[in-house]
Each structure stands twice: as C-alpha cells, then as structure tokens.
Peer 1: 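Structure incoming, see below.
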Amino acid sequence: MVITDWTTWEPGVRATLMFIIDEAKREVLLIRKKRGLGAGKINGPGGKIDPGETSLQCAVRETQEELGVTALNPVHHGELWFQFVDGLCMHVDVFIATQHEGEAVETPEAVPLWTSLDALPFEEMWADDSHWLAQTLIDRRRFMGRFAFDDDKMLSHEMKWL
C-alpha cells in the first residue's frame, strides 16, 4: 500500500486530458488508447505538457494529434494527482470543450469513440474515472482528485468538489 503525503507531493510529469462534448447528442468524444500509459483503455485525449507550453495549449495540441480535432474554447474543470507504486507522479489538468472543428479520425495513437454521457464505459477505463468523470461531464462540477495506483489497480483516492 502506498501512503502518500499529499502536502509535500510534487509531480514528476505534468499532463492534460480533454473531453469534447456534443451537447445536442449528449455524447462525449473519448479514445481507445493504442500505445503508452493506459494502452487499451478508454480515456479522453491528452498527454504530457511540452517545455514552454501551457496546460491549455497541451490539451488542444494533444487532441489534434490524437484525433485530428481542434477543441474550441476549452474550460479547465479539474486536477488529477496520481502517485504510482513504481514512482511515477503525475499531475493532470482536465478540460471540457463543447465546440470543436474537424471530424475525429483514427491515428497511430488512438481510436475515436463518441460515447453517450449516460453510458460511460467505466469497466474499460482507469479506476479513478468512476469517482469524477460523470459528475464533471454531466453536471460540470469542478474538482480535485488524488489517487494512488499499483499499475492499473487503484489503492486509494481522495475527492474534493470545488
């Protein structure tokens, strides 16, 4: 069991997630990740922040790279802090956009999946997603979540709704 002192915790990796919502259809654009951390899982597009890049710039860029779609006017909705047993420490900024340009296409990194907001595939996602994703996408609640993982098994979690 990992005991994390969140008061002194520092991320080794800064990253982002972007969720594009089609409000008329009540769907969110997700991906099935093809490589890297979480390969095979369903998630939102996103990735590591490049040097000199803001988290917003990263979220838009990663969505373009992974799906060929440009998110318009994304809004920051939360922060995820992850501590993994193997030492990986990751801070992830979560964004939501309700407008976008382009049609989602499969790339070497991801397969696009338009998914009903009422049927999110939690059984194929990271375990933390069931603690925050629906409330954030549907109710637009802002949050801070802290999670400890051993590989893809969640060991502990703390949620704060803002």
Side-chain angles (χ1 to χ4, degrees), residues 11-138 140-143 145 147 149-154:
V13 174
R14 299 276 327 246
T16 62
L17 285 171
M18 174 73 76
F19 296 94
I20 296 175
I21 297 174
D22 182 325
E23 292 180 310
K25 294 181 181 177
R26 290 193 42 83
E27 292 181 338
V28 61
L29 181 56
L30 300 176
I31 62 169
R32 183 172 306 277
K33 201 159 165 71
K34 293 166 82 172
R35 61 185 185 200
L37 182 66
K41 291 189 182 297
I42 294 175
N43 205 344
K48 294 178 188 172
I49 299 173
D50 286 341
E53 187 176 49
T54 68
S55 61
L56 176 59
Q57 290 167 337
C58 172
V60 171
R61 175 185 54 77
E62 286 283 346
T63 303
Q64 290 169 334
E65 289 175 4
E66 293 182 358
L67 295 172
V69 169
T70 302
L72 302 176
N73 304 310
V75 176
H76 186 264
H77 269 80
E79 292 181 39
L80 299 166
W81 293 11
F82 295 108
Q83 177 65 57
F84 288 82
V85 170
D86 69 5
L88 176 62
C89 307
M90 186 180 305
H91 175 275
V92 179
D93 284 314
V94 177
F95 293 89
I96 294 175
T98 57
Q99 297 176 321
H100 69 281
E101 291 178 343
E103 293 297 320
V105 295
E106 182 173 348
T107 67
E109 294 189 51
V111 176
L113 303 166
W114 281 103
T115 305
S116 169
L117 289 171
D118 300 318
L120 297 171
F122 290 118
E123 66 284 352
E124 297 183 71
M125 302 176 89
W126 284 95
D128 64 282
D129 292 342
S130 65
H131 294 276
W132 61 271
L133 187 59
Q135 298 92 319
T136 302
L137 297 180
I138 296 169
R140 307 290 160 86
R141 292 188 70 186
R142 296 180 187 272
F143 70 94
F147 304 90
F149 275 86
D150 184 356
D151 192 30
D152 67 351
K153 179 183 178 199
M154 188 170 62

Peer 1: For a quick test of reading the model, state the closest non-hydrogen atom pair linking Cys58 to Thr16 and the distance between them.
Peer 2: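 Taking every non-hydrogen atom into account, SG-OG1, 3.4 Å.
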Peer 1: Counting neighbours of CD on Glu123 that are heavy atoms of other residues, nucleotides or ligands and sit closer than 6.0 Å, is the number greater than 12?
Peer 2: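 Yes, enclosed.
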Peer 1: Aromatic contact between Phe147 and Trp126, with the criterion being ring centroids under 6.0 Å apart: yes or no?
Peer 2: no
Peer 1: Within this structure, what is the OG1-CZ distance for the pair Thr136 and Phe95, rounded to the nearest 0.5 Å?
Peer 2: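 So the gap between those two atoms works out to 13.5 Å.
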Peer 1: Show me, pair by pair, the donor-acceptor contacts under 3.5 angstrom made by side chains of residues 110-119, not counting sequence neighbours?
Peer 2:
from, atom 1, to, atom 2, distance (Å)
Thr115, OG1, Leu113, O, 3.2
Ser116, OG, Asp118, N, 3.0
Asp118, OD1, Arg26, NH2, 2.9

Peer 1: Can you name the closest pair of heavy atoms from Ile31 and Gly44 and give their distance?
Peer 2: CD1-O, 3.8 Å
Peer 1: Could you tell me whether the side chain of Asp151 and the main chain of Lys153 form a donor-acceptor pair under 3.5 Å?
Peer 2: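 Side chain of Asp151 to backbone of Lys153, a donor-acceptor pair under 3.5 Å: no, none is there.
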Peer 1: Start with the C-alpha gap between Lys33 and Asn43, add the side-chain angles, then the distance that decides, and say whether side-chain contact (heavy atoms from CB on, under 4.5 Å) holds.
Peer 2: CA-CA 7 Å; Lys33 201 159 165 71; Asn43 205 344; 5.6 Å; no
Peer 1: Taking the side chain from Asp50 and the backbone from Glu53, do they hold a donor-acceptor pair closer than 3.5 Å?
Peer 2: no
Peer 1: Compare every heavy atom of Glu103 with every heavy atom of Val69, then report the nearest pair and how far apart it is.
Peer 2: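 Where Val69 meets Glu103 most closely, the heavy atoms are CG2-C, 3.7 Å.
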Peer 1: Any idea which heavy atoms bring Lys34 and Glu106 closest together, and the distance?
Peer 2: NZ-OE2, 2.8 Å
Peer 1: Under the criterion side-chain contact (heavy atoms from CB on, under 4.5 Å), I'd like the reasoning laid out for Leu29 against Met18: C-alpha separation, chi angles, the key distance, then a yes or no.
Peer 2: CA-CA 9 Å; Leu29 181 56; Met18 174 73 76; over 6 Å; no
Peer 1: Whether the side chain of Glu66 engages the backbone of Gly46 through a donor-acceptor N/O pair (distance < 3.5 Å, no angle test) should be reported.
Peer 2: yes
Peer 1: Calculate, to the nearest 0.5 Å, the distance between atoms CH2 and CG belonging to Trp132 and Leu137 respectively.
Peer 2: 7.0 Å
Peer 1: Glu65 vs Thr107, test: side-chain contact (heavy atoms from CB on, under 4.5 Å). Steps then yes/no.
Peer 2: CA-CA 8 Å; Glu65 289 175 4; Thr107 67; over 6 Å; no
Peer 1: Just so I know, are the side chains of Glu101 and Leu72 near enough to count as touching, which here means a heavy-atom distance under 4.5 Å?
Peer 2: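 Heavy-atom side-chain distance check passes, below 4.5 Å.
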Peer 1: If you define the side chain from C-beta out and look only at heavy atoms, does anything of Lys41 sit under 4.5 Å from Asp152?
Peer 2: yes
Peer 1: Is any side-chain heavy atom of Arg142 closer than 4.5 Å to a side-chain heavy atom of Val75?
Peer 2: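 Contact flag for Arg142/Val75 side chains = yes.
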Peer 1: Between CD1 of Ile21 and CD of Glu27, what distance do you get to the nearest 0.5 Å?
Peer 2: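 Here the rounded value is 11.5 Å.
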Peer 1: Could you tell me the separation between the CE atom of Met154 and the OG atom of Ser130, rounded to the nearest 0.5 Å?
Peer 2: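 Interatomic distance, Met154 CE to Ser130 OG, rounded to 0.5 Å: 6.0 Å.
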Peer 1: Distance check, rounded to the nearest 0.5 Å: Leu133 atom CG versus Leu30 atom CG?
Peer 2: 7.0 Å
Peer 1: So do the side chains of Arg140 and Thr98 get within less than 4.5 Å of each other, counting heavy atoms only?
Peer 2: yes
Peer 1: Flag yes if more than 12 heavy atoms outside Lys48 fall under 6.0 Å of its NZ atom; otherwise flag no.
Peer 2: no
Peer 1: For side-chain contact (heavy atoms from CB on, under 4.5 Å), just list the numbers for Phe82 and Val13, CA-CA rounded to whole Å, side-chain angles, deciding distance to a tenth of an Å, and then say yes or no.
Peer 2: CA-CA 10 Å; Phe82 295 108; Val13 174; over 6 Å; no
Peer 1: Measure the CD-CD distance between Glu109 and Glu62 for me, rounded to the nearest 0.5 Å.
Peer 2: 6.5 Å
Peer 1: Would you confirm whether Arg32, through its side chain, and Ile42, through its main-chain N or O, come within 3.5 Å as a donor-acceptor pair?
Peer 2: no
